[in-house]
Amino acid sequence: MALFRSLYAAYGAQHWWPAETPFEVMLGAVLTQNTAWTNVERALDQLRAQIPLSPEAVLALETPVLAELIRPSGYFNVKARRLCSFCTALVEAGGESVLAALPTDELRRWLLAINGIGPETADDILLYAFERPVFVVDAYTRRLFRRLGLIAGDEGYEQIRQRVETALGPDTALFNDYHALIVRHAKDVCRARKPGCECCLLNRSCAQRAPD
DNA sequence: TGCCAGGGATTAG
DNA sequence: CTAATCCATGGC
């Protein structure tokens, strides 16, 4: 909580996720897997230029065509398949409105059953598309928590998530800003990226480096 | 110029 | 069951 306050004091409210609709959040969550957001924006722009952003319109594209449109986001063949499996599951389930009626745990299980949706992508979608009180654990979060001594480092994803959620209570607005602030912090922390520099706790190459 | 990015699935040991 | 390895573009 002290960490959250200091990040919030530094950067203020983040108003995430950068998207117009819940479905756009879902697309972005898959496209941003291990990828810089600027590349995802290019991919989404190209996609938006060709089709309305709906699961049906995505499924109407041939997979190779979809792959070409999202090329700038990297891993485009893999991600094209992932978007197809996701959209197929979404349509089969009856759409967002049906899913929105499910309890959070059930919705998470539904997401994790889809090929290409892992724990972080599922939680991005739960928090930023369905507005559920879920704490998202990404590579930055792990690295930062570990270097601050908040975790040992060998914890599993669920363990970290539940620990934070238990400590801070179910608070969608709080978790929204918390994850966004950690990512925001990563953008302007230490640009030196030299082994030995002690300027930050987040970059992979900086001092206090420990196995991620 | 090489390293890294808002991971996840598959294969190897 | 944990540890590589693959997927790939763009910014710095």
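Computed from heavy atoms alone, side chains included, the values below leave out hydrogens, waters and symmetry copies. Just so we're on the same page: letters track the sequence lines, and every chain starts at 1.
- Heavy-atom distances to DNA chain B give each of Y128(A) and I114(A) a nearest nucleotide, and the one nearer the 5′ end belongs to Y128(A).
- Looking at heavy-atom distances under 4.0 Å, T121(A) makes contact with sugar-phosphate atoms alone, never a base.
- The nearest whole Å value for the distance from the CG atom in N34(A) to the C1' atom in dG11(C) is 15 Å.
- Of the listed nucleotides (dA5(B), dG8(B), dT9(C)), dT9(C) has the atom at the smallest distance from the side chain of P72(A).
- With a 4.5 Å cut-off on side-chain heavy atoms, M26(A) and F130(A) count as touching.
- Atom-to-atom, CG of L69(A) to P of dT9(C) comes out at 15 Å; the value is rounded to the nearest Å.
- Atom CZ of R143(A) is separated from atom C1' of dC3(B) by 12 Å (rounded to the nearest Å).
- Rounded to whole Å, atom C1' of dG7(B) lies 7 Å from atom CD of E120(A).
- Summarising the geometry, atom CZ belonging to F86(A) is positioned 6.5 Å from atom CZ belonging to F23(A); distances are rounded to the nearest 0.5 Å.
- In this structure, N115(A) atom CG and dT10(B) atom P are separated by 5 Å, rounded to whole Å.
- Comparing the same atom, P, in dT1(B) and in dA8(C) gives a spacing of 25 Å after rounding to whole Å.
- Note: CG (N77(A)) to P (dA9(B)) measures 17 Å, nearest angstrom.
- For dA5(B), the OP1/OP2 oxygens have no side-chain nitrogen or oxygen of N39(A) closer than 4.0 Å.
- In this structure, R42(A) reaches the dG11(C) phosphate: one of its side-chain N or O atoms is under 4.0 Å from OP1 or OP2.
- Of the candidates dA5(B), dT9(C), dT10(B), dA5(B) carries the atom nearest the A36(A) side chain, counting heavy atoms from C-beta on.
- Using the six-membered ring where Trp is involved, H179(A) and Y128(A) have ring planes that are tilted, between 30° and 60° apart.
- Side-chain contact of D138(A) with T141(A): a donor-acceptor pair under 3.5 Å is present, judged by distance alone.
- D45(A) has a carboxylate O that lies under 4.0 Å from a charged side-chain N of R48(A), or vice versa, which qualifies the two as a salt bridge.
- We find that CD1 of I125(A) is positioned 10 Å from P of dG8(B), with the value rounded to whole Å.
- Comparing L112(A) and T35(A) against DNA chain B, the residue whose closest nucleotide sits nearer the 5' end is T35(A).
- Among the heavy atoms of the strands lying under 4.0 Å from V78(A) are primed sugar atoms or P, OP1, OP2 only; no base atom is included.
- Taking atom OH of Y75(A) as the reference point, atom C1' of dT10(B) lies 14 Å away to the nearest angstrom.
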